[in-house]
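Everything below concerns the one structure shown next.
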Amino acid sequence: IESEEQQKRRWQIELEFVQCLSNPNYLNFLAQRGYFKDASFINYLKYLQYWKEPDYAKYLMYPMCLYFLDLLQYEHFRREIVNNQCCKFIDDQAILQWQHYTRKRIKLINSVQENAAAAAAAQNGPSEAATAPGSEAANPQQAALQNGNAEMNGIASS
């Protein structure tokens, strides 16, 4: 029977280990050292499946680790990850996915900000949205829009 402190420590160690599984190079390291041929290690990977439950998964910073935890349940994947070319391919694909996600996320954030600014301008009405030249806008979103429009006008007239 573990004490509360021991349980907390085990949970932290397992959390860190599971998150390390999101790194294909670490998987390659483990495979090259023969960990994936050890039956007790394979059983440990099966035990770690509990991290897929929402109560535990919410603590993960790298959700890709759950995908690799699933892949590690298959002997074929465990055999292939020892190959450096396989590891490099997976690493490259992960980087491409992160870049794609980042670009999509930036576009989404920009469109939400533009929609919020347009909604705020429409809500304030045309008389309040247009302030006198040289005066500050009624709110920061209007100020940002006015500054952006002024910059665009300056670029267009150059």
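Excluded from the calculations below are hydrogen atoms, water molecules and symmetry mates; all remaining heavy atoms, backbone and side chain alike, are included.
Within 6.0 Å of OH on Tyr74 lie no more than 12 heavy atoms contributed by other residues, nucleotides or ligands. The neighbour count for Tyr35 OH, taken as heavy atoms of other residues, nucleotides or ligands under 6.0 Å away, does not exceed 12.
Side-chain contact of Lys88 with Gln85: a donor-acceptor pair under 3.5 Å is absent, judged by distance alone.
Leu96 and Tyr62 fall into different hydrophobic clusters, where Ile, Leu, Val, Met, Phe, Trp and Tyr side chains are chained together by heavy-atom contacts under 4.5 Å. Residues Ile13 and Val18 do not share a hydrophobic cluster, defined by chaining ILVMFWY side chains whose heavy atoms lie under 4.5 Å apart.
Atom-to-atom distance recorded for Ile90:CD1 and Leu27:CG is 7.5 Å, nearest 0.5 angstrom. Between the CD atom in Gln113 and the CG atom in Leu108 there is a gap of 10.0 Å [rounded to 0.5 Å]. Atom CG of residue Leu45 and atom CG of residue Leu71 lie 11.5 Å apart, to the nearest 0.5 angstrom. Here the CD atom belonging to Gln7 is positioned 9.5 Å from the CD1 atom belonging to Ile1, to the nearest 0.5 angstrom. Here Gln49 contributes atom CD and Leu72 contributes atom CG; the two are 9.5 Å apart, rounded to the nearest 0.5 Å.
Looking only at distances, a side-chain donor or acceptor of Asn124 sits under 3.5 Å from a matching main-chain atom of Ala120. The main-chain N or O of Met61 is found under 3.5 Å from a side-chain atom of Gln19 such that the two form a donor-acceptor pair. In terms of modelled atom types and a separation under 3.5 Å, the side chain of Gln32 and the main chain of Phe29 share no donor-acceptor contact. Distance alone, capped at 3.5 Å, is enough to place a donor-acceptor pair between the Arg78 side chain and the Gln73 backbone. Distance alone, capped at 3.5 Å, is enough to place a donor-acceptor pair between the Asn28 side chain and the Ile81 backbone.
Ring orientation note: the planes of Tyr44 and Phe41 are tilted relative to one another, at an angle of 30° to 60°. Between Tyr56 and Tyr50, the two ring planes are perpendicular [angle over 60°; tilted spans 30° to 60°].
The heavy-atom pair separating Cys20 from Tyr26 by the smallest distance is O-CD2, 3.5 Å. Of all non-hydrogen atoms in Pro24 and Cys87, the two that sit nearest each other are O-SG, 3.3 Å.
By the 4.5 Å heavy-atom criterion applied to side chains, Ser22 and Tyr67 are not counted as neighbours. Asp70 is listed as a side-chain neighbour of Lys52, based on a closest heavy-atom distance under 4.5 Å. Counting heavy atoms from C-beta outward, Arg79 and His76 have side chains that approach closer than 4.5 Å. The shortest distance between side-chain heavy atoms of Met64 and Leu21 does not fall below 4.5 Å.
Salt bridge present: Glu14 and Arg10 bring a charged side-chain N and a carboxylate O closer than 4.0 Å. Using a 4.0 Å cut-off between charged side-chain N and carboxylate O, Lys8 and Glu4 make no salt bridge.
A side chain to side chain contact (heavy atoms under 4.5 Å, CB included) with Tyr101 holds for exactly one of Gln99, Arg103, Gln97; it is Gln97.
Ring centroid separation for the pair Trp11 and Tyr59 comes in under the 6.0 Å cut-off.
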In sequence, state the C-alpha distance, the side-chain angles, and the governing distance for Phe36 and Val82, and then conclude on side chain to side chain contact (heavy atoms under 4.5 Å, CB included).
CA-CA 9 Å; Phe36 297 145; Val82 76; over 6 Å; no
